[in-house]
Amino acid sequence: MSYKTTCPYCGVGCGIEINRSGSKLKLIGDKNSPVNQGMLCIKGQTLLETVGTDNQRLLQPSIGTWAETIQAIADKFKHTKKDEIALYVSGQMLMEDLYIAKKFADSYGIKNLESNSRLCMYSTVEANKRAYGADIVPVSYDDIYSAETIFIIGSNTADCHPIVFNHIKKSKAFVVCVDVYETITAKQSDLFIQVEQGRDLELINDLPNQVWFSDKKVLSVYSQGLTQSTDATDKVNSLINAHILTGNINKPGCGVLSLTGQCNAMGGREIGTKTKDITATEFFSTNQIKTLWVMSTNPAHSMINYRQFDTLIVSDFTQTLTTKDADIILPACPWSEKSGHLKNSERRYLKQQAFLPPAGNSKPDWQIICLVAKALGLSGFDFEHADEVWQEMNIDESWSPQIQVREELVVIDPSNRVYKNNVKNNARLLTHWHGMTRTGKSQTLNKMTQKNPQMQSIHHITNTEFFKDKKVELDKYSKQPCFKG
Ligand code: SF4
């Protein structure tokens, strides 16, 4: 039997074909996918090493049967003030999961619903709203092949979004790369411009004066190097302004493309998983939230101010640092065991199709949320299949990248900004993904992981050697290494 599905890692959204014969599985890139035309990076190629069960897989609710566990959560919610409850969801969840999470939060009156994609993408959302009047992505991957110049800034595309970089290398465009250090992407570009940390805003403002920008059809590509930096919203806004000023917009080969980190970060952005009260970082940095339900993400690993909550509920498919802290653990299905939709960096809807049955007693996230909603007496959560959720979402899949450009641009002034030099930058590895809860299961990826001599890893899993001679202890709550003395 053959299944068409989508790689669950990055926002490129590569199509995959799985052939299953009994217990034997074979994976290839989907040649008919408009995204990757059969190409897959090493993470996509090794996905089958990460599916199924191992001794870290979560198979049962942690405190009894499903009915007992759901009732315990409902009781906890009933005894907590609504503004002290938060749902922390993830760009790993499918559209159907996120829609149900939002519907539940709205129906029950929970204002604090946020996605982990807040950390990487909200500067782009705000910049788009400022520049276009709405959060719009006015380009597609096809523009790579019509562009004359591809301007890459704050993105090691070759390592982090490899199949997009394959397209870039296959195009005939002149590739300009701006970064603070010479990445693989920089080495493979036609022109590398090294900037001091924080000085990229001046360079972006000067783009209309560069011949390779102003007189060419330009596609700009960026990711977290821009969106997670100081003044990120201004930088993205300024980049869009440079395109508007040079007429590099609304034409084939022209525009601004933000490469999204997670497979469905874009979907969450569209569904509106954005708090009406405090932000995701404030869930952790303030004491307001008493009951936190974390779904498909690992804040104990990734949130710098991670703290303990009165009640921590975690839905995930595998043990993580966060599940170690949890009061209630709910076994959720991973990508291979659930079906639904996601949306990639170019805002294309893609399908994920289950090719394995749910292991143990695990369930898709949308089903788990529906059970809690019903236990709280809410109506409108009687779905049998993900298809029914999708139908209720009633999404218009027709897609037009044309945008209305505002007549008056928001002026971005680069003067009087405070920059810090010698701040360590973080990076993503070609062979691993986020906290490695999935890629760490692949022997091939683990063997292939090489240290870049320019990089100094401070990751507690990948660099135990680095910590060997240092005074390092694990933080009490986050379990992350912290230096002493
Ligand atoms: S580029 Fe991204 S979506 Fe494509 S195979 Fe690699 S990790 Fe998966």
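This structure is a prediction, so every number in the text was calculated from the model and none was measured. For ligands, and for the atoms within them, numbers begin at 1 and follow the listed sequence.
At most 12 non-hydrogen atoms from other residues, nucleotides or ligands lie less than 6.0 angstrom from NZ of K216.
No hydrogens or angles considered: nothing links the side chains of R269 and T260 as a donor-acceptor pair under 3.5 Å.
Remark: ligand 1 atoms within the under-4.0 Å shell around heavy atoms of G13 are 3 (S).
Taking distances strictly below 2.8 Å, the protein N/O/S atoms close to atom 6 (Fe) of ligand 1 are C41 SG.
For F213 and H243, the ring centers sit closer than 6.0 Å to each other. Taking the six-membered ring wherever Trp is involved, the centroid distance between the rings of F381 and W366 does not fall below 6.0 Å.
Side-chain N or O atoms of E148 include one that pairs as donor or acceptor with a backbone N or O of K217 at under 3.5 Å.
Classified by interplanar angle (parallel below 30°, tilted 30° to 60°, perpendicular above 60°), the ring pair Y145/H167 is perpendicular.
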